[in-house]
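Reviewing the structure listed below.
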Number of protein chains: 2
Amino acid sequence: MSKAANTRLTILQKAFELIYTKGYQTTSIDEIIATTQVTKGAFYYHFKTKDEMGIAIIEEILKPTMQEHFIQPTEASQNPIEDFYNMISYLLLEDPFLQVKYGCPVGNLTQEMTPWNNKFSEALTELVNLWKETIINSIEKGKESGLIRKDVVGEQVAFFILSGYWGIRNFGKLQNDNSVYLVYLKELRSYLDNLK
Amino acid sequence: MSKAANTRLTILQKAFELIYTKGYQTTSIDEIIATTQVTKGAFYYHFKTKDEMGIAIIEEILKPTMQEHFIQPTEASQNPIEDFYNMISYLLLEDPFLQVKYGCPVGNLTQEMTPWNNKFSEALTELVNLWKETIINSIEKGKESGLIRKDVVGEQVAFFILSGYWGIRNFGKLQNDNSVYLVYLKELRSYLDNLK
DNA sequence: CATAAAAAATACTGATTAGTATGAAAAAGC
DNA sequence: GCTTTTTCATACTAATCAGTATTTTTTATG
């Protein structure tokens, strides 16, 4: 990777960490360049505005991560119900980057940036739709293989699972204690079993 | 109500509206006093800091509203499952103040202010716990009256319902279209029926 | 009405914000 | 090596921010 490309990636990664923990609006460019040891000239060479950097974080950091961790595993799945549970459980309890008190990066950005910033809304919508469609496809496969009841509606379940995940992440932020995750997961288990 | 008390209440109400639509951090005191037609001297006579005003909004606007609209109706309920659905459905589709694109005021504040502001966390936790406990009590009553299965765990269901609500509110913000609510409500109906 | 206290008005401050103007260094192309 | 383009560095600006200092007006109380 060229030195310039490295500078750009460093900015994106460090900025993302700051934004995840502090929020987008309250993370200043001065703070970003201080922690990255990059000058303002360099920053504005790579990004025309702060928002352009924000979009780049979604496209170049969040999107690939989501592809790798959620989309591909789910697509390869043979047992949707088991894998939905494992996916959520992994995200809540085991993912090494995510922390209870900081919630879900995508959920946070959605809450903070919509409905005022169209660019953010579009980029985030694309991200979320990707995840949603993958879940729907997985449910359809499960219905064909007999693991899921035929009368289950994929879209409804997808929204229900993802909503619950975003919501419990918000509870986690509030309580800063992953015991809420454990309670939630028990009920998720029960809900998912009812799809069989 | 004295003129002073009226000034204070006006500030709280208008500030709350601004914060609901724009977010807390991005709503400035200058903006609040501009829309309320109140001077800075008056504002800082009533509130020592911006955060003190924020807490007052939670205590004096959000809390009474929640008491009136969610707590009392649920406590009076004879049929928990039906009333849970109606409560969520009302909030999503009928409440005259709430708007799809702005999400849930309590959820928004939680996302934005935790984990950095302890005062906010405490005030919001109190609010949410009130709601949660009311749901749990209602479930217990439902179990006694035979409307809900005995093996249902109240706390799990409470978290599941509230998480789903917060989450779908965030989806609403993202899509700015209440069709996501309709899809969500269908699955909620199905989930709740499984508690019988 | 007189006085004291409460309530509000005005003008300011220092810090922080995103973004810019300009020039210097580094890298690439020939 | 020379030139051009890319990449980065420094110093600045105008706007906005939460909060303060001070004074004036309004209200309550005797």
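Here is the naming used below: chain letters follow the sequence lines, and residue numbers restart at 1 for every chain.
- By the neighbour-count criterion of 12 heavy atoms within 6.0 Å, atom NZ of B:K186 is sparsely surrounded, having that number or fewer from other residues, nucleotides or ligands.
- Nearest-nucleotide mapping onto DNA chain D: of A:Q37 and B:T49, the residue sitting toward the 5' end is A:Q37.
- Under 4.0 angstrom from either OP1 or OP2 of D:dT16 there lies no side-chain N or O belonging to B:S28.
- In this structure, B:T26 reaches neither bases nor backbone, as no heavy-atom distance under 4.0 Å exists between it and the strands shown.
- When the P atom of D:dT20 is taken as reference, atom CG of B:D30 falls 14 Å away, rounded to whole Å.
- In terms of phosphate contacts, B:S2 brings no side-chain nitrogen or oxygen within less than 4.0 Å of OP1 or OP2 of D:dT27.
- Cation-pi contact between B:K50 and B:Y24: present, with separation from the ring centre below 6.0 Å and deviation from the ring axis of at most 45°.
- For the pair B:M53 CE and D:dA18 P, the interatomic distance rounds to 9 Å; values are reported in whole Å.
- Taking the six-membered ring where the residue is Trp, B:W131 and B:F70 present parallel rings, their angle staying beneath 30° rather than reaching 60°.
- Side-chain proximity of A:Y45 to the nucleotides C:dA9, D:dC17, D:dT6 is greatest for D:dT6.
- In this structure, NZ of A:K3 is placed 13 Å from P of C:dA25, rounded to the nearest angstrom.
- Between A:G41 and A:E31, the residue anchored nearer the 5' end of DNA chain C, judged by the nucleotide with its closest heavy atom, is A:E31.
- The base of C:dG19 lies close enough to the side chain of A:K40 for a donor and an acceptor atom to sit less than 3.5 Å apart.
- The separation between A:I29 atom CD1 and C:dT16 atom P is 16 Å, rounded to whole Å.
- The CZ atom of B:F43 sits 17 Å away from the C1' atom of C:dT10 (whole-angstrom rounding).
- By the 30° and 60° cut-offs, the orientation of the rings of B:F16 relative to B:F97 is parallel.
- Ring geometry for A:Y191 against B:F160 counts as tilted: the plane angle lies between 30° and 60°, on a 0 to 90° scale.
- In the set D:dC8, D:dA18, C:dA8, D:dA18 carries the atom at the smallest distance from any side-chain atom of B:Y44.
- Distance, A:H46 NE2 to C:dG19 C1': 17 Å, rounded to whole Å.
- Taking atom CD1 of residue B:I11 and atom P of nucleotide C:dA9, one finds them 10 Å apart after rounding to whole Å.
- With D:dT10, D:dT7, C:dA18 as the choices, the nucleotide that has an atom nearest any side-chain atom of A:T39 turns out to be D:dT10.
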